S.K.: 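Okay, handing you the structure first.
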Amino acid sequence: MNCRIVQDLLPLYHDGVCSQESRTAVEEHLTGCEACRRMLADMDAPLPAAAEKQAENDAAVVEKIAREWRRLWRRALLTGTVVVLVLCLGGFAFWYSVTQCAVPMDSGDYAYLNTCVLESGEICVDVGLNRACRNCMYYETDESGGVHLCILRPPLRLNIFLNAYEKMFPFDLAAARWKFDPRDFSSVEPENVYFGVGEDSILLWSKEAGYAVPAATETEEAFWNDWSPGHVF
Ligand SMILES: [Zn+2]
């Protein structure tokens with residue numbers, strides 16, 4: 001078979017649709033003809049224009065993937081930053097509320113409360129604390145001339161930030177004690193002196209009616225006369 005006939009048959013041969021006889025004849029010819037082999041090889045190569053278009057498409061796809069990746073990366077970065085900020089703020093708020101803030105304890109925080117008045121006129125307050133506390137006493141005044149003695153605790157009743165000294169005492173045993181003369185409590189003589197704030201206020205003394213707490217027993221008198229605020233309980 002000469003080249004012209006083979007080249008006419010090549011498209012059919014290439015697509016595998018020629019007869020077995022033609023196939024055998026073409027293959028025999030191809031073994032000895034470089035020109036026809038090249039022509040067959042060219043049939044598999046994409047057309048130049050198509051190849052260029054394909055390359056353009058590939059570049060566009062790569063660019064699209066890169067764009068998408070950059071978008072996801074930016075979003076992940078933003079999300080991560082927001083999460084870290086929220087965690088930091090939350091952690092700070094938690095730490096601050098547990099260690100740096102204080103609110104007055106209410107009656108639910110006391111295991112017991114004992115009060116008495118000594119012969120000297122001093123009022124004694126003995127409080128057992130059953131929850132995490134600052135064991136920090138202070139007083140505040142109300143608008144009707146009342147003075148309220150209170151003990152502070154963190155807003156969250158947690159004891160995880162207490163120092164080693166505070167941890168030595170089991171909380172149901174921790175006690176706070178106070179001894180004071182209501183008449184010279186501050187520069188201005190108060191109208192009333194209470195223990196606690198708000199609904200939990202317990203009247204200890206009033207200018208009008210005097211002492212509202214029981215007189216100390218002999219044992220209490222001895223104990224409190226011997227006691228000073230520096231004592232460790
Ligand atoms: Zn040939």
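Read the numbers this way: they start at 1 and go in the same order the structure lists the ligands and their atoms. Nothing here was measured: the structure is a model prediction, and the numbers come from that model.
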S.K.: Got more than 12 heavy atoms from elsewhere within 6.0 Å of CD, Glu119?
M.R.: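 No, because the 6.0 Å sphere around CD of Glu119 holds 12 heavy atoms or fewer from other groups.
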S.K.: Can you find a heavy atom in the side chain of Thr115 that is under 4.5 Å from one in the side chain of Ile202?
M.R.: no
S.K.: Quick one: does Cys124's side chain get under 4.5 Å of Glu220's, heavy atoms only?
M.R.: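 They are not in contact (no side-chain heavy atoms under 4.5 Å apart), so the answer is no.
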S.K.: Which residues and atoms, protein N, O or S only, are under 2.8 Å from the Zn ion (ligand 1)?
M.R.: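 You should have found Cys3 SG, His29 NE2, Cys33 SG, Cys36 SG.
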S.K.: Just checking Glu199: does its CD atom have more than 12 heavy atoms from other residues, nucleotides or ligands closer to it than 6.0 angstrom?
M.R.: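 At most 12 heavy atoms, drawn from other residues, nucleotides or ligands, come within 6.0 Å of this atom.
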S.K.: Does the pair Glu34/Arg38 count as a salt bridge with the N-to-O cut at 4.0 Å?
M.R.: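 Here Glu34 pairs with Arg38 in a salt bridge, since their nearest N and O are under 4.0 Å apart.
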S.K.: Taking side chain as C-beta onward, heavy atoms only, is Trp224 less than 4.5 Å from Asp126?
M.R.: yes
